[in-house]
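Comments concern the structure below.
Throughout, numbering of the chain's residues begins at 1 and tracks the sequence.
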Amino acid sequence: MNDVLKIALTVLGSYLLGSIPWGFLIGKVNGVDVRKEGSKNIGATNVTRCVGKMAGKLCFFLDFFKGVIPVLAAQYIFRADKNIFEYVVIAALFASVIGHMFPVFLKFHGGKGVSTAAGAVMALAPYPLIIALLVWVVVFLVSRYVSLASIAAAAVLPIVAWVLYLLKFGTELSRTPSVLIFLTIVALLAILRHHSNIQRLLNGTENRFGKK
């Protein structure tokens, strides 16, 4: 198989895997169309709100691994092709996240992409993601806003990645300029996908998770 075909299949496979609408499917199994309830989003937060905690956790982990699997697979498949290795891995990451945001199976109306992006970044640059997740937890515990926590984590991710790059700390792949630039783009895209949440936060109408 030539490289062009191998790259095309890897990117297409990553997109299709990312397109699997787990939140929608979990809702349907439980008799709920999450696109018509709550925030009308197919992500884990709305699944938790509309179906329940266990369903929400299952949705998160399934969406998370939609990001992990393509990145690890691309690293394995192209491990010997050093000239294109990092670019194919980045393409697989981007395709999986775009798949979640714009899934072909739901006429390109998907979720925010946070869980899938987190999984993909974990497989690519684990240390920046761990710090971003800690920020997510702190902001959520203080504010009880999932959206605000996700926006804060996305904003912190590229900053931490660049700082670790300057300190020469982290995996070799996570310290390449192309990966750092891409992480910045993914973070900005995730924030932009929260534009409606940002407006509701400013208006004081955003849904808040109460303490249980």
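- Side-chain atoms of Leu129 and Val160, non-hydrogen and from C-beta on, never get closer than 4.5 Å to each other.
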Give the intermediate values and the outcome of side chain to side chain contact (heavy atoms under 4.5 Å, CB included) for residues Val51 and Glu37. CA-CA 10 Å; Val51 183; Glu37 305 289 340; over 6 Å; no
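- In this structure, Leu192 stands alone, with no Ile, Leu, Val, Met, Phe, Trp or Tyr side-chain heavy atom under 4.5 Å from its own, directly or through other members.
- Here the side chains of Val156 and Trp136 are not in contact, with every heavy-atom distance at 4.5 Å or above.
- Put simply, the side chain of Val71 does not reach to within 4.5 Å of the side chain of Met122, judged on heavy atoms.
- Listed by chain and number, the residues in a salt bridge (Lys or Arg N to Asp or Glu O under 4.0 Å) with Arg49 amount to none (sequence neighbours excluded).
- Here the side chains of Leu157 and Val121 are in contact, with some heavy-atom distance below 4.5 Å.
- The shortest non-hydrogen separation linking Ser96 to Gly67 is OG-CA, 4.1 Å.
- In this structure the side chain of Phe64 never reaches within 4.5 angstrom of the side chain of Thr116, judged on heavy atoms.
- Of all the heavy atoms in Tyr15 and Val104, the pair that sits closest is OH-N, 3.1 Å.
- Between Val186 and Phe182 the shortest side-chain heavy-atom distance falls below 4.5 Å.
- Relative orientation of the Phe169 and Tyr127 rings is tilted, given thresholds of 30° and 60° on the angle between their planes.
- Residues Phe94 and Leu189 share a closest heavy-atom pair of CE1-CD2, 4.3 Å.
- In this view, Val139 and Val135, Ser143, Leu148, Ala149, Ala152 satisfy the side chain to side chain contact (heavy atoms under 4.5 Å, CB included) rule, not counting sequence neighbours.
- Note on Phe78 and Leu12: same hydrophobic cluster, where clusters join Ile, Leu, Val, Met, Phe, Trp and Tyr whose side-chain heavy atoms are under 4.5 Å apart, directly or indirectly.
- In this structure, Val97 is not a member of the same hydrophobic cluster as Val114, with clusters built from ILVMFWY side-chain heavy atoms closer than 4.5 Å.
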Please test Lys6 against Val88 for side chain to side chain contact (heavy atoms under 4.5 Å, CB included), starting from the C-alpha separation and ending with a verdict. CA-CA 10 Å; Lys6 192 162 61 170; Val88 179; over 6 Å; no
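- Residue Leu166 shares its hydrophobic cluster (ILVMFWY side chains chained together at separations under 4.5 Å) with Trp162, Tyr165, Leu180, Ile181, Ile185.
- Considering only residues two or more places apart in sequence or on other chains, Asn203 meets the side-chain hydrogen bond (donor to acceptor under 3.5 Å, both in side chains) condition with Gln199.
- Every pair passing salt bridge (charged side-chain N to carboxylate O under 4.0 Å, His left out) that includes a residue from residues 61-80 is listed here, sequence neighbours excluded: Asp63-Lys66.
- A donor-acceptor contact shorter than 3.5 Å is absent between the side chain of Asn207 and the backbone of Ser39.
- Side chain of Asn2 to main chain of Leu5: a donor-acceptor pair is present (N/O by atom type, distance under 3.5 Å, no hydrogens or angles).
- Contact check for Val34 versus Lys40: no side-chain heavy atoms found under the 4.5 Å cut-off.
- Note: the hydrophobic cluster containing Ile84 also contains Val89 (ILVMFWY, side chain heavy atoms under 4.5 Å, direct or indirect links).
- Contacts of Arg35 classified as side-chain hydrogen bond (donor to acceptor under 3.5 Å, both in side chains), with partners at least two apart in sequence or in another chain: Asp33.
- Listed here is the closest heavy atom pair of Ala95 and Val11: CB-O, 3.5 Å.
- Annotation: side chain of Ser178 is in contact with side chain of Tyr87 (closest heavy-atom distance under 4.5 Å).
- Taking the side-chain hydrogen bond (donor to acceptor under 3.5 Å, both in side chains) definition, one finds that Trp22 meets it with nothing, sequence neighbours left out.
- Atom CZ of Phe85 is surrounded by more than 12 heavy atoms from other residues, nucleotides or ligands within 6.0 Å.
- For Tyr145 and Phe140, the distance between ring centers is not under 6.0 angstrom.
- Partners of Glu86 according to the salt bridge (Lys or Arg N to Asp or Glu O under 4.0 Å) rule, which considers only residues two or more places apart in sequence or in another chain, do not exist here.
- Listed by chain and number, the residues in a side chain to side chain contact (heavy atoms under 4.5 Å, CB included) with Phe61 are Phe65 (sequence neighbours excluded).
- Thr10 meets the side-chain hydrogen bond (donor to acceptor under 3.5 Å, both in side chains) test with no other residue; sequence neighbours excluded.
- Pairs engaging residues 176-200 under the salt bridge (charged side-chain N to carboxylate O under 4.0 Å, His left out) rule: Arg200-Glu206 [sequence neighbours left out].
- Scanning all heavy atoms of the two residues, the minimum distance from His194 to Ser150 falls at NE2-CB, 3.8 Å.
- Counting only distance, with no hydrogens or angles, the side chain of Asn41 and the backbone of Gly43 share a donor-acceptor pair below 3.5 Å.
- Nearest heavy-atom pair across Val47 and Cys59 is CG2-SG, 3.9 Å.
- Cluster membership check: Leu124 does not share its hydrophobic cluster with Val163, using side-chain heavy-atom separations under 4.5 Å among Ile, Leu, Val, Met, Phe, Trp and Tyr.
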